[in-house]
Amino acid sequence: MNDQKVAIVTGSSSGIGLESALLLARNGYITYATMRAPEKDTPIKAAVQKEGLPIRVVQLDVTDDSSVKNAVDHIISEAGRIDVLVNNAGYALGGALEDLSMEEIKSQYETNLFGLIRVTQAVLPTMRKQRSGRILNLSSGAGIFGYPGGSAYVSTKFAVEGLSESIAYELEPFGIKVILIEPGFIRTNFANAMVVAKKAQDPASPYSELMQKIMASASELAKNASDAELVANVILDAASNPNPRLRYLAGKDVESWAAGKKNMDELEFFNMIKKLTT
Ligand SMILES: NC(=O)c1ccc[n+]([C@@H]2O[C@H](COP(=O)([O-])OP(=O)(O)OC[C@H]3O[C@@H](n4cnc5c(N)ncnc54)[C@H](OP(=O)(O)O)[C@@H]3O)[C@@H](O)[C@H]2O)c1
């Protein structure tokens, strides 16, 4: 068996997943940069060629049982171990709850929550047998507090928080650590990839004016977004620190909002988020 540590990153075609895969590989991890559409491997392949990084691209769609199984089986047979899983794949569904179809909500959960569960379940038998491993789950500021127009996305991230907190107890006896990464606004493809619910795009929606305000405020807040490299550095630290914490904030903006949630009374915090987002 190879002694070099092995990492798997989901959603490595862009943004936080891409930068994390590159940084883990630069720091000696044999890194499986997984993506649902491997034809999007141009940025990662260019860096691999230029820097000679130990990165392998593998197809993995977190919403597809057989894709997850095939990818993880392939990685185990090739690398013989899995030390780090970064559950990064995700997107945001936007729109007021009344404007979201059940289908749109289920798709959001299928990727952000069930996808994360699917990949985690696939790696656990190997980590458990090794009696070691790290599972890093991408949560968000949206895993700490809610905001208007974000109920579906926010509720997936709250679910990721609760799930991670719970399995941390189950997995500790097997030497497996579970870690939540909570970024603020990060400059990636995330805003472009956001799915605005069909009914929320209808100007006749009773929430149309509110949604416009939310979108305008989000664009303003995004002007101070951090780069994906900042989150990649937090991920590398959490993956390699001998005594990692359960939670890591990533970004000055989310640090201040998380402090507000902790220190303000509920109404004061509600009014702050209302002012920021509408
Ligand atoms: N950017 C932010 O402000 C921010 C803040 C807090 C948390 N986050 C979280 O950070 C994570 C990464 O987001 P990002 O900002 O880097 O956005 P991004 O640039 O849009 O990257 C998202 C990645 O997820 C992939 N993905 C989506 N659905 C997938 C599926 N079914 N199977 C496999 N991969 C899938 C995308 O692949 P395709 O290229 O094929 O679409 C892409 O590689 C997400 O979980 C997000 O919720 C982001």
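If you read the sequence from its start, that first residue is 1, and numbering goes on from there. First listed ligand is number 1; within each ligand, the first listed atom is number 1. The basis for the numbers below is simple: all heavy atoms, side chains too, and nothing from hydrogens, waters or symmetry mates.
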Exercise for the section: Would you mind checking if E104 and K199 are paired as a salt bridge, meaning a charged N to carboxylate O distance below 4.0 Å? Expected result: no
Handout entry: Those atoms of ligand 1 less than 4.0 Å from some heavy atom in G15
Key = 16 (O), 19 (O)
Handout entry: Given Q59, R118, R36, the one that forms side chain to side chain donor-acceptor pair (under 3.5 Å) with S67
Key = Q59
Handout entry: Backbone or side-chain N or O of G17 under 3.5 Å from ligand 1 N or O
Key = no
Exercise for the section: Let me see the working for L138 and N87 under side chain to side chain contact (heavy atoms under 4.5 Å, CB included), right down to the final yes or no. Expected result: CA-CA 6 Å; L138 263 291; N87 277 315; over 6 Å; no
Practice task
Could you tell me whether some N/O pair between Y91 and ligand 1 is separated by less than 3.5 angstrom?
Solution key: no
Problem - SB check E103 K106 (cutoff 4.0 Å) - result: no
Practice task
Consider ligand 1: state whether an atom of it lies below 4.0 angstrom from any non-hydrogen atom of T10.
Solution key: no
Practice task
Say whether V254 and ligand 1 are in contact under the criterion: heavy-atom distance to a ligand atom below 4.0 Å.
Solution key: no
Practice task
Determine, using heavy atoms of A225 and all atoms of ligand 1, whether some pair is separated by less than 4.0 Å.
Solution key: no
Problem - Contact check, M35 vs ligand 1, heavy-atom distance below 4.0 Å - result: no
Problem - Over 12 non-hydrogen atoms of neighbours within 6.0 angstrom of NZ in K261 - result: yes
Exercise for the section: Using a cut-off of 6.0 Å, state whether more than 12 heavy atoms not belonging to E209 lie near its atom CD. Expected result: no
Exercise for the section: May I ask you to check whether F185 has an N/O atom sitting below 3.5 Å from an N/O atom of ligand 1? Expected result: no
Handout entry: Flag for N137-S139: side-chain donor and acceptor within less than 3.5 Å
Key = no
Exercise for the section: Return a yes/no value for N88: is any of its N or O atoms, backbone included, closer than 3.5 angstrom to an N or O of ligand 1? Expected result: yes
Handout entry: Shortest reach to atom 18 (P) of ligand 1 by a heavy atom, considering only S14, S139, S13
Key = S14
Problem - Listed partners of R187 passing salt bridge (charged side-chain N to carboxylate O under 4.0 Å, His left out), at least two apart - result: D227
Practice task
Mark the output for K157 as yes if a heavy-atom distance to ligand 1 is under 4.0 Å, and as no if none is.
Solution key: yes
